*Asks:* 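What follows is a structure written as structure tokens; I'll ask about it next.
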Number of protein chains: 2
Amino acid sequence: MTAEENQARFLRCIGEPTRLQILKLLTKGERCVGELARVLNKEQSLISHHLKALKKCNIVKDRQETQKVYYEITNDRLAKLIIDSEVLMKELSLCKCQEMNYGREENQGSGEEEIRSNS
Amino acid sequence: MTAEENQARFLRCIGEPTRLQILKLLTKGERCVGELARVLNKEQSLISHHLKALKKCNIVKDRQETQKVYYEITNDRLAKLIIDSEVLMKELSLCKCQEMNYGREENQGSGEEEIRSNS
DNA sequence: TTCATATATGAATTACAATTCATATAAACA
DNA sequence: TGTTTATATGAATTGTAATTCATATATGAA
């Protein structure tokens, strides 16, 4: 495993839309699997699979409390890197590639909806 | 195209071993396609494909000089992000995942061999 | 114009990753 | 114990990306 292969693996692990959504939620604090699935409106098994991938790369760690399993980002510098890359991408207009979406700003499903409202 | 999709696309564009190798070479200055292929010991067409992908995401830009086409990173902050992620990955031992390689440090083909030695 | 050099491109193949679905495990509780 | 809730897992499918190969394009030189 070369240095670049490891780094690439790490970047690709972060570079998946659903995992980015998960990570952005986790930058604000730990969340359990069910919450993540509910907020992001995705299947629980899908979230579990993604969390497993993130954990495998040491990007998140988990903590069990009764039935629930809470996940959080392993290190604040990681959270910062994710935000930095987002800022950079926006400021430099990177990846406006792949046709369309010039000047528009959509934001559906980005994780800012209600939570902790039921139960 | 959501914000996360764009960011993910950007991160995955960087997150490929050969493209990382290319980018690391380019952090030290512009290079033409042939040089990159020679130094990395990969097919010229492969390098061209990867450069096209990077260009599509505005990560690199090109400049033609006679027959040769020179590529460079579009922005220094991008180069910094790449280095930052490398440092972070190493310091946090991220992505030691995927079995094996604990404690070893390989470095074959990472782009530090001779260049400009022929011609 | 013909040849050599440099780069790009498209099609085909292969490899890998995301998603879904069904189900397993395990804790809490009635 | 049986039931509900929460999470994990494996197999199957699908989608996407990397690589190779053959070839096109374009520039410069003989």
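Since this is a predicted model, take the numbers as computed values, not measurements. In the text below, chain A, chain B and the rest are named by the order of the sequence lines, each starting its count at 1.
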*Asks:* Looking at C/dT9 and B/His49: do their rings stack (centroid distance under 5.5 Å, interplanar angle under 30°)?
*Replies:*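 So B/His49 counts as stacking on the base.
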
*Asks:* When the distance from CD of A/Gln67 to C1' of D/dT3 is rounded to whole Å, what number comes out?
*Replies:* 12 Å

*Asks:* Could B/Lys90 and B/Glu86 be called an ion pair, given the rule that one side-chain N must be under 4.0 Å from one carboxylate O?
*Replies:*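 Judged by the 4.0 Å cut-off on N to carboxylate O distance, B/Lys90 and B/Glu86 do form a salt bridge.
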
*Asks:* Students often get this wrong, so: under 4.0 angstrom with heavy atoms, is B/Ser48 touching a base, only sugar-phosphate, or nothing?
*Replies:* base

*Asks:* Please determine, for the side chain of B/Lys68, which listed nucleotide (C/dA28, C/dA6, D/dC21) has the closest atom?
*Replies:*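 Closest nucleotide to the B/Lys68 side chain: C/dA6.
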
*Asks:* Answer yes or no: is there an ion pair linking A/Arg63 with A/Glu72, defined by an N-O contact shorter than 4.0 Å?
*Replies:* no

*Asks:* Figure out the CZ/C1' separation between A/Arg9 and C/dA15, and round it to whole Å.
*Replies:* 14 Å

*Asks:* I want to verify a distance call: between C/dT20, D/dC21, D/dA18, whose nearest atom is closest to the B/Arg19 side chain?
*Replies:* D/dA18

*Asks:* Return the 5'-most residue of the pair A/Gln44, A/Glu16 with respect to DNA chain C, ranking by each residue's nearest nucleotide.
*Replies:* A/Glu16

*Asks:* State plainly whether the residues A/Glu16 and B/Arg12 are in salt-bridge range, i.e. N to O under 4.0 Å.
*Replies:*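 Looking at B/Arg12 together with A/Glu16, the answer is no, because their closest N to O distance does not fall below 4.0 Å.
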
*Asks:* Rounding to an integer number of Å, can you tell me how far B/Lys56 NZ sits from C/dA8 C1'?
*Replies:*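 Atom NZ in B/Lys56 sits about 15 Å away from atom C1' in C/dA8.
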
*Asks:* Salt bridge check: are A/Glu4 and B/Lys24 linked by an N-O gap of less than 4.0 Å?
*Replies:*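 A salt bridge links A/Glu4 with B/Lys24.
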
*Asks:* Does B/Gln64 reach the main-chain N or O of B/Thr66 with its side chain, forming a donor-acceptor pair under 3.5 Å?
*Replies:* yes

*Asks:* Give the dot-bracket line for DNA chain D from 5' end to 3' end: parentheses for intra-strand Watson-Crick or G-U pairs under 3.5 Å, square brackets for crossings, | for inter-strand pairing, dots for unpaired.
*Replies:* ||||||||||||||||||||||||||||||

*Asks:* Measure CG/B/Leu40 against P/C/dT7 and give the value in whole Å, please.
*Replies:*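 After rounding, the reported distance stands at 14 Å.
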
*Asks:* Output yes when B/Glu35 and B/Lys68 qualify as a salt bridge under the 4.0 Å nitrogen-oxygen rule, no when they do not.
*Replies:*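 Looking at B/Glu35 and B/Lys68, the cut-off is not met.
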
